[in-house]
Amino acid sequence: MTRHLAAPIAGALLIAASSFALPANAHHSFAMYDPDKLQTVTGTVQDFEWTNPHAVIWIVASGPDGQAVDRWSVELPTSPGNLTRMGWTKHSLKAGDRVAIALNPLRDGRHGGSLKKVTLLDTGQVLTASGTAPVASTGK
Amino acid sequence: MWRRLKAAWLAGLAVSAVVGAAHAQTPERPVLNPAPTAADWTALARLPDWSGVWIPESWQLTTARHPPTWKPEIAKQVDDFKALEKAGHPKGLYVDCLPEGMPSFIIMTLGSTEFLFTPGRVTILNEFDGNRQRRIYTDGRNHPDDPDLTFNGHSIGHWEGDTLVVDTVAILPETYLPIDQAVGIPNDGDTHIVERIHIVGPDHLVDDMTVEAPHVLAAPWKVTRNFTRTRERRSDIVEASCRQGDFVEGKDPQGHAAFLPIEHTAEGAPLALPQTGTKP
């Protein structure tokens, strides 16, 4: 995880942030992502935020020539608690990992997505954010 | 004559002062929760075994299987919210990280749930956006005559065999009746919920709920949430804050560890980290 930001820049941001009201977003529906579109973004993990209510992968996407082209945020559809039950840990991804992420993109075309599957390109390991313990239903 | 009257007046004044002082010194005695006895603790062992951690089924299954019957004018609003959601502009069922409240506490919760039995009460814990809790009094008390309205309301319960029967009132009218993470209608007040919580099979618990919300529902809403028990330690309830994801970890101007805000879309999707200087 990339935890420590450049202090002077971060300080300026903190001061700037205190001068206007931030919208309180945090827990939200995933309706802003298009479930009918599946897109794969390949790049390098910049940061893996193991946060509630949703963990987030920040990656720098690379073009066909391997050059960095843009940055994407990829939300995992649930919390560290539930991800732990699915086998994830805060160490599942780290800065520098080369990944291919299948995602449902934001409907408005901006570079954000909801994770469907991440493949670690150096190991071939595949991680998904589904498959909790089987849950009973009465069918009622 | 005047002397006698003055003496009587002074005597009356003195009595009033004494009575007044006595009244001031003896306020209404607070109602106490009696200390549990050994028998009270022993009685808990005769209750059904709800230990462990309970994982809820998908809320999509719950609400699809048991849709509420809305009043016609409310059904139109529900359709509008569904259309907004489909267009990618969800109405905020999760509003500013306020507690979701009842019945969402049961119907919409996403993570581990735990039931704690102690004398005179059942406590339900879950991971829903800040480790919400419900307190169900089983000590025989009634609802207060003039309760404060709260997100989860005031709950009293009793046991009918192995079934915990819970009666809940005093829910804030702004609290949603949800059918989706982006589709819900404020209950608008006077909501009454009866739950029958019981085990129906191996490691299988259900909360059979009847929700009366006379201002928005055309009929009581009967809905059941299923839970599956696990004893895996990795399913233990963990801390679950609602807004941590609005920030990343960084440094403040003094060099201390600090949360730094990130940019979001209007709907809440993260868009950009603070300028870290580390972007390639």
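As the structure is a computational prediction, the values presented were derived from the model and not from experiment. Residue numbers begin at 1 in each chain, while the letters A, B, ... track the order of the sequences.
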Inset, instruction - Can you tell me which residue pairs pass the side-chain hydrogen bond (donor to acceptor under 3.5 Å, both in side chains) test with a partner in residues 34-43 of chain A, sequence neighbours excluded? - result: none
Inset, instruction - Salt-bridge test for K90(A) and E249(B): reply yes if a basic N is under 4.0 Å from a carboxylate O, no otherwise. - result: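 Salt bridge flag = no for E249(B) with K90(A).
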Side chains of [X] and [Y]: does their closest heavy-atom pair fall under 4.5 Å?
X       : Y       : answer
E75(A)  : P270(B) : yes
L271(B) : S73(A)  : no
S112(B) : R85(A)  : yes

Legend entry - Sequence neighbours excluded, every pair satisfying ring-ring contact (aromatic ring centres under 6.0 Å, His included) that has a member inside residues 56-82 of chain A: W72(A)-H111(A)
Inset, instruction - Write out, in numerical order, the residues from residues 117-125 of chain A with a heavy atom short of 4.5 Å from a heavy atom in chain B. - result: none
Legend entry - Heavy-atom donor-acceptor pair, D129(B) side chain to P53(A) backbone, under 3.5 Å: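 Not confirmed, D129(B) side chain does not pair with P53(A) backbone.
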What part of [X] lies closer than 4.5 angstrom to a heavy atom of chain A: side chain, backbone, both or neither?
X       : result
D180(B) : neither
K86(B)  : backbone
Q254(B) : neither

Legend entry - Distance-minimising heavy-atom pair for E85(B) and R107(A): O-NH2, 3.9 Å
Legend entry - Nearest heavy atoms of H28(A) and Q181(B), plus distance in Å: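 Taking every non-hydrogen atom into account, O-OE1, 4.1 Å.
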Legend entry - Heavy atoms from other residues, nucleotides or ligands near CZ of R233(B) exceed 12 (cutoff 6.0 Å):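 Not buried by this count: 12 neighbours or fewer within 6.0 Å.
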Legend entry - E239(B) atom CD, over 12 foreign heavy atoms within 6.0 Å: no
Legend entry - Derivation of the side-chain contact (heavy atoms from CB on, under 4.5 Å) call for E127(B) and S79(A): CA-CA 9 Å; E127(B) 276 179 16; S79(A) 63; 4.3 Å; yes
Legend entry - D108(A): salt bridge (charged side-chain N to carboxylate O under 4.0 Å, His left out) partners, not counting sequence neighbours: R110(A)
Spatial distance of atom [atom1] ([X]) from atom [atom2] ([Y]) [nearest 0.5 Å]:
X       : Y       : atom1 : atom2 : result
Q244(B) : H54(A)  : CD    : NE2   : 12.5 Å
D47(A)  : I262(B) : CG    : CD1   : 9.5 Å
I55(B)  : N82(A)  : CD1   : CG    : 7.0 Å

Legend entry - Pairs of heavy atoms under 4.5 Å with chain B: top-ranked of T84(A), T78(A), L106(A): T84(A)
